[in-house]
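Just so it is clear: chains get the letters A, B, ... in the order the sequence lines come, proteins before strands, and each one is counted from 1. Nothing here was measured: the structure is a model prediction, and the numbers come from that model.
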Protein chains: 2
Amino acid sequence: MATYNKTVNENEQRCCCPVEATLSVIGGKWKPLILWHLKENTMRYNSLQQVLPGISPRMLTKQLRELENDGIVNREMYPEIPPRVEYSLTDFGRTIIPVLEALAQWGIKYTDQKGSSK
Amino acid sequence: MATYNKTVNENEQRCCCPVEATLSVIGGKWKPLILWHLKENTMRYNSLQQVLPGISPRMLTKQLRELENDGIVNREMYPEIPPRVEYSLTDFGRTIIPVLEALAQWGIKYTDQKGSSK
DNA sequence: CGGTATCCCTCCGGATACTG
DNA sequence: CAGTATCCGGAGGGATACCG
């Protein structure tokens with residue numbers, strides 16, 4: 001008992017920080033890169049895997065599924081032999097590109113700052 | 001042997017995704033909230049702890065130190081009795097506020113989208 | 001007041017093997 | 001080609017007790 005505060009209630013989550021909602025979608029080690037690559041072209045599973053440095057199939061699938069559930073990417077399956085699956089951003093997914101670019105912009109500034117102070 | 005790709009080299013990290021650099025600074029469970037609260041006022045250690053839902057002192061200290069090392073927050077110590085320490089954003093730290101707000105904006109859009117599709 | 005020190009456990013995610 | 005299934009190690013982070 002006696003945690004540092006009462007356990008989180010929905011209101012607190014909602015009122016303080018929609019930032020977290022966004023981070024839950026684009027955060028993590030892989031999603032930014034996946035999104036980054038999908039913003040140019042639609043891509044197939046294997047192409048993504050080759051373009052992502054050392055991701056395991058398990059992880060790639062997991063990240064893609066999450067993005068799919070969040071309505072960010074679209075999974076188009078062509079039941080051919082051999083099978084082909086293409087991933088792309090949804091229209092809603094595209095609305096996140098400016099955010100991604102804002103993050104990238106600041107990231108560059110930050111890297112410069114760090115580099116020069118070293 | 002035979003990982004899915006050769007281990008990451010610096011170039012790949014650097015060229016593809018400054019987004020990650022930014023996320024390494026503001027990402028995670030606590031930092032967005034800390035930043036969110038600091039963007040209005042300067043705050044003391046205990047005030048922060050009270051305002052953050054259930055954070056342990058260990059975590060709070062850790063997050064603050066990291067933000068400090070990244071040049072985002074400033075730690076001002078007043079050697080009084082009892083001691084007082086005030087945290088605030090540095091000038092460089094303030095440059096990240098627009099990014100935070102972009103994230104928040106999209107987070108709201110996202111939450112609406114989710115809510116309406118349920 | 002503003003923190004450390006310590007213990008402990010979850011779960012993230014990597015590696016590898018296998019399948020429709 | 002586009003994935004599952006399974007195993008497993010290690011970092012992240014919570015709870016609690018204590019210190020200057």
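- Taking atom CD on Glu66(A) and atom C1' on dG3(D), their separation rounds to 16 Å, with Å as the unit.
- Under the rule for a side-chain contact (heavy atoms from CB on, under 4.5 Å), the partners of Thr90(A) that lie at least two apart in sequence or sit in another chain are Asn74(A), Phe92(A).
- For the pair Ile34(A) CD1 and dG13(C) P, the interatomic distance rounds to 11 Å; values are reported in whole Å.
- The distance between atom CZ of Arg58(B) and atom P of dA5(C), rounded to the nearest whole Å, is 10 Å.
- At dG12(D), none of the side-chain N or O atoms of Lys29(B) fall inside 4.0 Å of OP1 or OP2 (strictly under the cut-off).
- A donor-acceptor pair is defined here as one N or O able to donate and one able to accept, closer than 3.5 Å; no such pair exists between the side chain of Tyr45(A) and the backbone of Tyr87(A).
- Legend: salt bridge (Lys or Arg N to Asp or Glu O under 4.0 Å) pairs involving residues 88-103 of chain B, not counting sequence neighbours, sorted by first then second residue: Lys39(B)-Glu101(B).
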Within the sub-3.5 Å range, which N or O atoms of nucleotides 1-3 of chain C have a protein N or O partner, and how far apart are they?
{"from": "dC1(C)", "atom 1": "O3'", "to": "Arg44(B)", "atom 2": "NH2", "distance (Å)": "3.3"}
{"from": "dC1(C)", "atom 1": "O3'", "to": "Pro83(B)", "atom 2": "O", "distance (Å)": "3.2"}
{"from": "dG2(C)", "atom 1": "OP1", "to": "Arg44(B)", "atom 2": "NE", "distance (Å)": "3.0"}
{"from": "dG2(C)", "atom 1": "OP1", "to": "Arg44(B)", "atom 2": "NH2", "distance (Å)": "3.1"}
{"from": "dG2(C)", "atom 1": "OP1", "to": "Val85(B)", "atom 2": "N", "distance (Å)": "3.2"}
{"from": "dG2(C)", "atom 1": "OP2", "to": "Asn46(B)", "atom 2": "N", "distance (Å)": "3.4"}
{"from": "dG3(C)", "atom 1": "OP1", "to": "Arg75(B)", "atom 2": "NE", "distance (Å)": "3.4"}
{"from": "dG3(C)", "atom 1": "OP1", "to": "Arg75(B)", "atom 2": "NH2", "distance (Å)": "2.4"}
{"from": "dG3(C)", "atom 1": "OP2", "to": "Tyr87(B)", "atom 2": "OH", "distance (Å)": "2.6"}

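- Residues Ile55(B) and Leu48(B) have side chains not in contact (no heavy-atom distance under 4.5 Å, counting atoms from C-beta outward).
- Considering only heavy atoms from C-beta on, Ile34(A) comes within 4.5 Å of Leu60(A) through its side chain.
- The distance from atom NZ of Lys62(A) to atom C1' of dA15(C) is 16 Å, rounded to the nearest whole Å.
- Atom pair Glu80(B):CD and dG20(D):C1' shows a separation of 16 Å (rounding to whole Å applied).
- Rounded to an integer number of Å, the gap from Ile55(A) CD1 to dG3(D) P is 12 Å.
- A donor-acceptor pair is defined here as one N or O able to donate and one able to accept, closer than 3.5 Å; such a pair exists between the side chain of Thr111(A) and the backbone of Gly107(A).
- Within the 4.0 Å cut-off from OP1 or OP2 of dG12(D), not a single side-chain nitrogen or oxygen of Trp30(B) is found.
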Atom pairs under 3.5 Å, N or O on each side, protein against nucleotides 8-11 of chain C: can you list them with distances?
none

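- Applying the side chain to side chain donor-acceptor pair (under 3.5 Å) test to Asp70(B) and every residue at least two apart in sequence or in another chain returns Tyr110(A).
- Scanning for side chain to side chain donor-acceptor pair (under 3.5 Å) contacts around Glu86(B) gives Arg84(B), with sequence neighbours left out.
- Between Leu60(A) atom CG and dG13(C) atom C1' there is a gap of 13 Å when expressed in whole angstrom units.
- Atom-to-atom, CD of Gln63(A) to C1' of dT4(D) comes out at 16 Å; the value is rounded to the nearest Å.
- Look at Lys31(A) and Glu66(A) and you find a salt bridge, because one of the NZ, NE, NH1 or NH2 atoms lies within 4.0 Å of a carboxylate O, short of that distance.
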